[in-house]
Amino acid sequence: MKNDVNRQFRLKSRPTGRIETSNFDLAKEPIPEPGPGQALVRVLYLSLDPTNRIWMSDMDQYMPPVEIGAVMRGGGIGIVVKSNSARYKEGDHVSGLTGWQDYCIADEGANAMSVLPKGLPVGLPTMLGACGMTGLTAYFGLLELGEPQPGNTVVVSAAAGAVGSVVGQIAKIKGCRAIGIAGGPDKCRHIVEDLGFDAAVDYKRADWRDQLAAATPDGIDVNFENVGGEIMEAVMARMNLFSRMPLCGMISGYNTGEPMRADFSPILMRRITVRGFIVIDFMAKFAEGTMQLAQWVAEGKLKHRETIVDGLEQAPTAVNKLFDGGNIGKLVVKVADAP
């Protein structure tokens, strides 16, 4: 094998505020041997997501926190290099929870990794983004919970990110007005000129509230919430009667160490339906969603972009791009070259 060791980032301490390299130990272990019903997977791409920050904490969450001393949890795509399994064949590309490491074991049992189809029409990073878990998050969150109707105004925060960029495009496919909230002129230009949003609100400008009002003269029917904080409050204040708010994330508070608080009075006064969700809630429909997303990509209706960082060793610092606004589209770490 090209590498004779398995580098692993192990959680050393729980971050307080910004994630630091000192929160991890970089261990070097022997490459694991697959047992019966298992396969050895070489990790090719690692997905960096806001949920990584949640997993590092000991807050109440939808999965157990990563234990101190354990390999940092993370999704990814890899290639099977050795197999004792009928499910996994050498050369198969697989996706699932790979962890922040060079190699992982795929098992036929619980939490089995998914085998990707042969001859994919998109690159592997896109299978982590627009056609992967982030695309599915946008797809199910908007369509199942947001229930967009033609002519509705849909607002999405973190609109230039992996999830938000797909949300806005699906809103347009469904005949809605798509308003994106993003940081800086380049991101705002990208979502309007490249992705087809109707308007962008630059939250880094002092007049962003005025921009939001100008972009939503008829109020807001769906708010796909990714950020929380004062942006969420400002959007809720403009939401219409019986509007919907899929709550996907509140990333503005993940690195502050403070609990997220907001004025929820508009929920009562405008009878807003708010539903928090995690994409795994819709696991039974993943195949359906993936096929639809891939079809839209093939038809040119859904555009995608990835920010790719080279090298596993960059993961602890690169993950902060999610909270600093340093990425456009899906944030991915390239761990190894595909053979």
Side-chain angles (χ1 to χ4, degrees), residues 1-12 15 18-29 31 40-53 55-56 66 71-81 91-104 106 113 116 120-135 158 160-163 165-166 183-184 186-187 190 194 251 255 297 303-339:
M1 292 185 185
K2 195 174 291 186
N3 289 352
D4 59 1
V5 297
N6 184 26
R7 296 173 300 163
Q8 299 177 322
F9 275 108
R10 296 177 174 271
L11 188 63
K12 182 179 180 181
R18 186 181 175 85
I19 300 164
E20 304 288 351
T21 55
S22 60
N23 295 126
F24 302 91
D25 283 321
L26 181 58
K28 294 183 179 180
E29 299 286 336
I31 297 173
L40 177 64
V41 175
R42 178 67 164 106
V43 181
L44 301 177
Y45 291 98
L46 184 65
S47 175
L48 295 183
D49 304 284
T51 195
N52 289 137
R53 181 63 179 81
W55 290 339
M56 293 176 198
V66 176
V71 175
M72 179 57 205
R73 185 185 297 142
I77 286 176
I79 186 168
V80 175
V81 294
D92 281 348
H93 287 116
V94 296
S95 66
L97 290 176
T98 61
W100 288 16
Q101 55 188 343
D102 288 310
Y103 294 90
C104 69
M113 300 185 79
L116 298 180
L120 289 169
V122 297
L124 293 178
T126 306
M127 294 305 296
L128 290 174
C131 293
M133 293 296 275
T134 48
V163 172
S165 59
V166 176
D186 291 340
K187 289 184 177 182
H190 168 62
D194 300 333
I251 61 174
N255 275 349
V297 169
K303 298 177 182 178
H304 58 88
R305 184 165 166 181
E306 293 88 31
T307 297
I308 300 178
V309 178
D310 194 25
L312 175 65
E313 65 279 2
Q314 303 297 326
T317 52
V319 70
N320 285 303
K321 292 179 182 289
L322 297 164
F323 311 106
D324 299 341
N327 67 297
I328 294 180
K330 178 63 185 172
L331 181 59
V332 174
V333 172
K334 181 182 176 182
V335 180
D337 291 319

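Every heavy atom of this structure was used, including side-chain atoms; hydrogens, water molecules and symmetry mates were not.
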* To do: Give the minimum heavy-atom separation between P125 and E306, together with the two atoms involved.
  => CB-CG, 4.0 Å
* **Side-chain (K12) to main-chain (L26) donor-acceptor, under 3.5 angstrom** => no
* Trace of the side-chain contact (heavy atoms from CB on, under 4.5 Å) decision for V166 with T134 -> CA-CA 8 Å; V166 176; T134 48; over 6 Å; no
* Could you tell me whether D49 and K330 have a side-chain N and a carboxylate O separated by less than 4.0 Å? => yes
* Heavy-atom side-chain proximity of R73 to T51 below 4.5 angstrom -> no
* Provide the closest heavy-atom pair for V80 versus V41 in the form atom of the first, atom of the second, distance. => CG2-CG2, 4.3 Å
* To do: Check whether any side-chain heavy atom of R305 lies under 4.5 Å from a side-chain heavy atom of H190, and answer yes or no.
  => yes
* For residues W100 and V71, report the shortest heavy-atom separation together with the two atoms involved. => N-CG1, 3.9 Å
* **Note, V335 side chain near T98 side chain (heavy atom, < 4.5 Å)** => no
* Asked: Can you tell me how far CE of M72 sits from CG of L46, rounded to the nearest 0.5 angstrom?
  -> 9.0 Å
* Hey, could you give me the OH/CD distance between Y103 and E29, rounded to the nearest 0.5 Å? => 14.5 Å
* Structure fact -> V122 and V297 have their tightest heavy-atom pair at CG1-CG1, 3.6 Å
* To do: Show your reasoning for whether side-chain contact (heavy atoms from CB on, under 4.5 Å) applies to L120 and H93.
  => CA-CA 10 Å; L120 289 169; H93 287 116; 6.0 Å; no
* How far does CE of M133 sit from OG of S95, to the nearest 0.5 angstrom? -> 8.5 Å
* **Side chain to side chain, L48 and K321, heavy atoms closer than 4.5 Å** => no
* Please answer whether the main-chain N or O of D194 pairs with a side-chain N or O of K303 as donor and acceptor at a distance below 3.5 Å. => yes
* Under a 4.5 Å cut-off applied to non-hydrogen side-chain atoms, are L11 and F24 in contact? -> yes
* Asked: Going from CG on N6 to NZ on K28, what distance comes out if it is rounded to the nearest 0.5 angstrom?
  -> 11.5 Å
* Asked: What's the shortest heavy-atom distance between V43 and A336, and which atoms?
  -> O-CB, 3.7 Å
* Asked: Applying the side-chain contact (heavy atoms from CB on, under 4.5 Å) test to V319, which of D324, L331, N52 qualifies?
  -> N52
* Okay, side chain of D102, backbone of R7: is any donor-acceptor separation there less than 3.5 Å? -> yes
* Taking C-beta and beyond as the side chain, do N23 and P316 meet within less than 4.5 Å on heavy atoms? -> no
* Asked: Could you state the interatomic distance from CE (M127) to CD1 (I77), rounded to the nearest 0.5 Å?
  -> 6.5 Å
* Structure fact -> Nearest heavy-atom approach of A27 to R10 is CB-NE, 3.8 Å
